[in-house]
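So the structure is just underneath, and the comments pick up after that.
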Amino acid sequence: MTAPTIILVEDDPPLRMLTTRALQEQGYVVRSAATAPELWIALDNGPADLVVLDIMLPGTNGIDLCRQIRRTSDIPIIFISARGSEEERVLGLELGADDFLPKPFGTRELIARIRAVLRRGAAGDMGRGENGRNEVEFNGWSVSFSRRELRSPTGAIVDLTGAEFDLLATFLGQPQRVIGRERLIEMSRTRLGDSSDRSIDVLVSRLRRKLSAAGGSPPIVTVRGVGYMFSAEVSRA
Amino acid sequence: MMRWPSVGLLGRIFVILLVVLATEFAASTFLFERASHFALQDDDARRMAEHLVVARRILDRTVPKDRTGVTEEVSTDGFKIVWLPKGLSSKASYELNGLRSQMIEMQPELLAAKLRLHLQPLHSGTAITGTMDLSDGTLLKFDTTQAHAAWSVTLGWLMALFAPPLALVIVGGLMIRTTLKPLNTLIRATKHVGTDGHEQVPERGSAEVRSLIHAFNEMHARIHRLIMNRTQALVAVGHDLRTPLARLHLRLDNAELDMETKYAMEQDIDELRSLLQSLQDYLSGEGGGQPQQRLDLAAMAMTIVDNARDEGKDAYYIGPSSVDVVARPVAMRRAIANLVDNALHYGGNVRVILQAMDAEVKIAIEDDGPGIPDEQLEEVLQPFIRLDGARTRNTSGMGLGLAIVSNAVRAEQGELKLERHAGGGLRATITLPLR
C-alpha cells in the first residue's frame with residue numbers, strides 16, 4: 001500500500017514548512033499550498049487522501065474552500081483553526097469537514113487526528129461512508145452524524161459524551177441485531193483519545209438514561225450473557 | 001439635612017405650577033374676592049333693610065282686611081312677606097345678630113319695629129327668616145331666599161375659582177410630560193451603553209433635549225467604537241499568537257531536548273493556548289451569536305459531569321434525567337463547564353444539582369473547597385479577576401471563566417448567584433426561565 005497523500009493548505013510559510021516536515025517524517029506524501037488557487041492546482045496534480053485546511057487564509061477562507069471542495073469531492077478534510085471556537089467547529093463539521101484542530105497543535109496530536117480520519121474513511125464507519133452524513137430517526141428521536149448531535153422527540157438537543165455518541169452510532173448501524181459486549185468494548189477502545197478505563201455497561205446505562213427522556217423505555221435491550229441490542233426501528237431522515 | 005424622596009422632574013414642575021397657582025388663587029381670594037364678597041353681603045343687607053322698611057310703611061297704612069293682598073304685591077320671588085294678624089313668633093335656631101345690627105344701622109326705623117332675624121333649618125328651604133312688629137302690634141313675617149343664594153354661592157364660587165387653575169395645572173402637566181418623554185427614552189438608552197446593542201436614540205423634543213440626545217448618541221457611538229477597537233485588537237492578538245505558538249510546538253517536537261524539559265515546555269505552550277482560548281471565548285461572547293434552541297439541560301449537565309468523572313474527577317450529578325429549556329446551546333454548555341471546572345480546580349470536587357420548577361429551572365454547581373469570601377463574591381464576576389495570588393497557583397485562563405458564565409446567563413434572561421453553602425464551599429446557581 002502506498003503512503004497516503006495529504007494536501008496541506010496553510011498561509012504562514014514557516015508553519016507550512018514545519019507541518020510538511022512533520023507529516024513527511026511520519027511517512028506521508030505532502031503537497032502544500034498557501035492559497036486557494038494553489039489548493040486547486042494541488043488537487044489537480046493527482047489523487048490525494050486528505051486535506052488539512054487552515055480556516056484563516058488570504059482571499060477565499062477555509063470555510064468557503066471546504067464548501068467548494070465538497071461540491072465535487074468526498075475527500076476527508078481536517079480544519080485547522082486559530083480561533084478554536086465551538087461555533088466554528090460546528091460550522092466546519094456541518095459543512096462536511098471530518099475533524100477540527102485548534103492551533104497550536106503538536107505533531108502527535110496532528111498525526112493522531114489524521115490517522116483517525118483516514119481510518120474512518122477506509123472502514124466506512126458511521127459518520128462517513130455508506131451512511132454518510134445522513135440523519136437517521138428512531139422512535140421520534142433524530143441523530144445527525146455530521147453534527148454529532150442527538151435530538152429528542154420534543155426537538156431538544158440532548159448532549160452526549162464522545163463515547164456515548166460513538167456507542168449510539170454503533171447501535172444505529174446495526175439495529176435490531178445483538179451486538180456482543182467484546183465487540184462494543186473493542187470499539188470504544190479504538191476511539192480517538194479514549195484512554196479511560198470505563199466499562200461498556202456504564203456507558204450503556206448513561207445512554208439509556210438520556211434516551212428515556214421521552215418517557216418511554218429506552219430502546220437498548222440487554223441480552224443476557226451476550227451483549228446488547230438496539231430494539232427500535234431506525235429510518236433515514 | 002433631611003433628604004426628601006425625589007419626586008422627579010415632572011413632579012417638581014407639577015409642584016411649581018401648583019404653588020404658583022395656589023399663591024395666585026390665595027392672593028386674589030383674600031385680597032380682592034373677599035372684599036367684593038363682603039360688599040355684596042353689605043348690598044344684600046341694605047336691600048333687605050330697605051325692602052323691609054318700605055313694606056312696613058305700606059302695611060302700616062293699609063287697613064287690616066287689605067293687608068294680605070298688599071303683602072303679595074310687595075313680595076318678590078326671593079323675598080316673601082306675610083302678614084300675621086296674631087302675635088305669632090316662630091322659634092328659630094340661630095339669631096343673626098350681626099346682620100341685624102348691620103341692617104338697623106342702615107335703617108334705624110327697624111329698631112323700633114323690633115326686627116328679629118333667624119337662620120332657618122335647611123329643610124324649610126330658606127335661609128333667613130324674620131319678623132317685625134307693625135305699629136298696631138301685629139306681625140310681619142318674611143323669608144328671603146335671595147340672601148340664602150348670596151351665602152350658598154360661596155361654595156360654588158370656590159369651585160368656580162379652583163376649577164380653571166386646576167385644569168391649567170393638569171393641561172400644563174400633560175404638556176410637560178410630553179416634553180420630557182424623550183428624556184425618559186434617553187435614560188433607558190443610557191442603561192444600555194457598553195452592552196451589545198448599539199442603537200441611536202431618535203432626536204425628538206425641545207431644542208435642549210434634542211441637542212442632549214444628539215450629544216448622547218455621539219458619545220454612545222464613540223464608546224461603542226472604543227470597545228469594538230479594543231475587542232478587535234485583543235481578538236487579533238489572540239488569533240495571531242496562535243500561529244507562532246503552533247510553530248513553537250512543532251519545533252519543540254523536533255528539538256533535541258531531554259524529556260523533562262520537553263514536557264515542561266509543552267505544558268507552557270498548553271497554558272498559553274488555554275489563556276488565549278479563554279480570552280477569545282470571552283471577547284467573542286462565544287455562542288452568543290447563535291440562535292436559541294430547545295435543549296435538554298439535564299443531559300447537558302450529565303454529559304459535563306460524566307466527562308469529568310471519566311477523567312477521574314470527583315463529580316456527581318443530582319437531578320432529573322431530562323429538563324427541556326430554550327437557550328443558546330454552545331454558550332450554556334460553556335457556562336456550566338466553566339463552573340464545573342472552577343469547582344474542580346478550587347474545590348477539588350463538584351456536585352451539579354438540577355431542580356425544575358414551574359416557571360424556572362435552577363442548576364447549582366457546588367464544591368467543598370474553601371469558597372470565596374463574601375466581600376469578594378461580586379468581584380469575581382468581573383473579567384480578569386483572579387483571587388488566588390495570580391501566578392502562585394497553577395491556574396489556567398485569565399480570570400475570565402466567571403465573566404463568561406455571567407454573560408451567557410444574562411443573555412438568556414437568567415440569573416447567576418454565587419454564595420457560600422452550608423458546608424462552606426462555593427455554590428454557583430444559574431436560574432433560567434422555563435419557556
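This structure is a prediction, so every number in the text was calculated from the model and none was measured.
Looking only at heavy-atom pairs under 4.5 Å with chain A, the residue among B:N254, B:L297, B:I269 that has the most is B:N254. Among A:R151, A:E164, A:E10, A:M17, the residue making the largest number of heavy-atom pairs under 4.5 Å with chain B is A:R151. In terms of non-hydrogen atom pairs under 4.5 Å with chain A, the most contact-rich of B:D324, B:V326, B:V325 is B:D324. Counting heavy-atom pairs closer than 4.5 Å to chain B, the top-ranked of the candidates A:P14, A:P102, A:P104 is A:P104.
Seen from the ring of B:Y316, B:R309 counts as a face-on cation partner, given the 6.0 Å and 45° thresholds.
For the side-chain hydrogen bond (donor to acceptor under 3.5 Å, both in side chains) with A:Y228, the lone residue among A:T170, A:T222, A:D201 that qualifies is A:D201.
The part of B:P320 that comes within reach of chain A is its backbone (N, CA, C, O), which places non-hydrogen atoms under 4.5 angstrom from that chain. With a 4.5 Å cut-off on non-hydrogen atoms, B:D240 does not touch chain A at all. Residue contact with chain B, scored on non-hydrogen atoms closer than 4.5 Å, involves the backbone and the side chain of A:L15 alike.
Under the 3.5 Å distance criterion, with hydrogens and angles disregarded, no donor-acceptor pair is assigned to the side chains of A:T161 and B:N307. Remark: the B:D253 side chain and the A:T107 side chain contain an N/O donor-acceptor pair separated by less than 3.5 Å.
The nearest pair of heavy atoms linking B:D296 to A:A156 is N-CB, 3.9 Å.
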Stepwise side-chain contact (heavy atoms from CB on, under 4.5 Å) test for B:L245 and B:L276:
CA-CA 11 Å; B:L245 215 49; B:L276 291 175; 4.0 Å; yes
